[in-house]
Amino acid sequence: MNPQPLLTIGAFAARSRLSPKALRLYDRLGLLTPAEVDEASGYRYYRADQVERARLVALLRQLDMPLARIAEVVEAGGAAAAGLLDAYWADVEARIAGQRALAAYLRGRLSGRTSEMDEMFAVDVVEVPGQVVLTESRHTLADELPTWIGASLDRLEAAARDCGGVAGAPYVVYHSEVSMESDGPAESCVPVADEAAARAWAERHGAPRAVRVRVEPAGRLARTRITKAQVAHPQILAAFEAVERWAAAEGLTVTGPCREVYFADWAAAGPGDPVCDVSLPVR
């Protein structure tokens, strides 16, 4: 059986629709490795059967997919690769949906049409009972926040099983601004049914992540319900501003830091499904 003739990097670039510069980068990243590299000259040579993989990489880059995720897709192949693409595109659509909502809000803000802005968010007041909560706090920037929220709430909900069970919707409190320049802190909270068991659990297991038990008094929350797409930063800031403006117009006094109350199954929700109440304690 005759071996495949090798293609120079220039010939391979032409057939794969990738530039030689891109091919060198993908080689360094292990994404598209040449069949051979001349030890003396450093010239790269490719097989013809690598063209299909190269073209797939080029097409995925047209979706603005990060190189690390492209590597996962091309290595997976078949139905698994299609599933990874679906997951990536769902993230893109969620981001675009959130950005679309933010653009509409900012359009009204910049144009001075506050009534149109207010119509985007229905705000009301809800009474909340006193609660015992397990909490975990962290200083984090906005880009790391979603991962930390998911992981910390999972940990606290697992701990709640030893504390009488989860007794209410989990929530996150922002004790100071979280953005790309400010790192909070943020505090994840899970209500539990048994205060004594919670304090005993925190005493035994809480030290590594500084898990604490706190009694949250009964009170009132001004809130607006938002979709999964609107939760992303900075889109969610529009919702917080709307609640602040509504509370001021109603003559209410804000008595504590803002929070996000998660009442739905995040993993099962689509971009347009309500998942979260953006809330402010008021009196």
Side-chain angles (χ1 to χ4, degrees), residues 1-100 102-103 138-155 178-181 183 208-209 228-229 231-235 266-271:
M1 184 175 179
N2 294 327
Q4 292 185 41
L6 295 178
L7 302 173
T8 65
I9 191 171
F12 187 76
R15 293 182 61 176
S16 64
R17 307 184 189 112
L18 289 167
S19 70
K21 180 180 179 181
L23 290 172
R24 294 185 187 98
L25 172 62
Y26 299 162
D27 179 18
R28 290 198 298 273
L29 297 175
L31 183 58
L32 193 60
T33 305
E36 290 185 13
V37 178
D38 187 284
E39 294 184 2
S41 65
Y43 289 166
R44 294 167 169 84
Y45 297 92
Y46 297 81
R47 296 188 312 273
D49 62 8
Q50 291 181 280
V51 170
E52 183 177 353
R53 178 181 175 116
R55 288 182 176 177
L56 176 59
V57 171
L59 290 171
L60 292 171
R61 285 297 291 156
Q62 291 300 310
L63 297 178
D64 293 326
M65 183 180 285
L67 293 175
R69 297 189 74 162
I70 288 177
E72 294 176 0
V73 171
V74 297
E75 290 299 329
L84 291 170
L85 175 59
D86 286 343
Y88 168 73
W89 196 246
D91 291 344
V92 171
E93 289 185 327
R95 174 174 53 81
I96 291 173
Q99 289 174 330
R100 185 182 299 114
L102 178 60
R138 179 176 173 178
H139 288 273
T140 177
L141 298 176
D143 59 343
E144 301 168 341
L145 182 65
T147 299
W148 175 76
I149 288 177
S152 61
L153 290 180
D154 284 347
R155 288 190 291 268
V178 175
S179 66
M180 294 307 296
E181 293 79 33
D183 66 352
R209 295 189 178 275
K228 186 175 182 177
V231 170
H233 187 276
Q235 292 90 286
W266 180 269

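Residues take their numbers from the sequence shown, with the count starting at 1.
At a threshold of 4.5 Å between non-hydrogen side-chain atoms, the residues Asp27 and Thr33 count as touching. At a threshold of 4.5 Å between non-hydrogen side-chain atoms, the residues Leu63 and Leu85 count as touching. In this structure, Arg55 and Leu18 have side chains that are not in contact, with every pair of non-hydrogen atoms separated by 4.5 Å or more. Leu56 is listed as a side-chain neighbour of Leu60, based on a closest heavy-atom distance under 4.5 Å. Between Arg47 and Leu7, the closest side-chain pair of non-hydrogen atoms is not below 4.5 Å.
The two atoms that bring Leu84 and Glu72 nearest to each other are CD1-O, 3.5 Å, heavy atoms only. Taking all atoms of both residues into account, the shortest heavy-atom contact from Gly270 to Lys228 is O-CB, 3.4 Å. Counting all heavy atoms, side chain and backbone alike, Ala54 lies closest to Ser16 at CB-CB, 3.4 Å. Heavy atoms only, all atoms of each residue included: Ala35 and Leu6 are closest at CB-CD2, 4.1 Å. Between Ala80 and Ala76, the shortest heavy-atom contact is CB-CB, 4.0 Å. The two atoms that bring Asp38 and Ala40 nearest to each other are OD1-N, 2.9 Å, heavy atoms only.
Glu93 places no side-chain N or O within donor-acceptor distance of the main-chain N or O of Ala229, the cut-off being under 3.5 Å. Of the possible donor and acceptor atoms, none in the side chain of Tyr26 sits under 3.5 Å from a partner among the backbone N and O of Val57. With hydrogens and angles disregarded, no donor-acceptor distance shorter than 3.5 Å links the side chain of Tyr88 to the backbone of Arg69.
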Go through it in stages, so that I can follow the logic: the residues are Arg15 and Glu52, the test is salt bridge (Lys or Arg N to Asp or Glu O under 4.0 Å), and I'd like the CA-CA distance, side-chain angles, deciding distance and then a yes or no. CA-CA 9 Å; Arg15 293 182 61 176; Glu52 183 177 353; over 6 Å; no
Report the C-alpha distance between Leu32 and Phe12 in whole Å, list the side-chain angles of each, state the deciding distance to 0.1 Å, and finish with yes or no for side-chain contact (heavy atoms from CB on, under 4.5 Å). CA-CA 12 Å; Leu32 193 60; Phe12 187 76; 4.1 Å; yes
Candidate pair Glu144 and Asp183, rule side-chain contact (heavy atoms from CB on, under 4.5 Å), full reasoning: CA-CA 10 Å; Glu144 301 168 341; Asp183 66 352; over 6 Å; no
For Arg61 and Leu67, what are the C-alpha separation, side-chain angles and deciding distance, and is it a side-chain contact (heavy atoms from CB on, under 4.5 Å)? CA-CA 8 Å; Arg61 285 297 291 156; Leu67 293 175; 3.6 Å; yes
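Exactly one residue among Ile9, Val51, Thr8 makes a side chain to side chain contact (heavy atoms under 4.5 Å, CB included) with Tyr46. That residue is Ile9.
Rounding to the nearest 0.5 angstrom, the gap separating the CD atom in Glu181 from the CG atom in Leu141 is 8.5 Å. Rounded to the nearest 0.5 angstrom, Gln50 CD and Tyr45 OH are separated by 14.5 Å.
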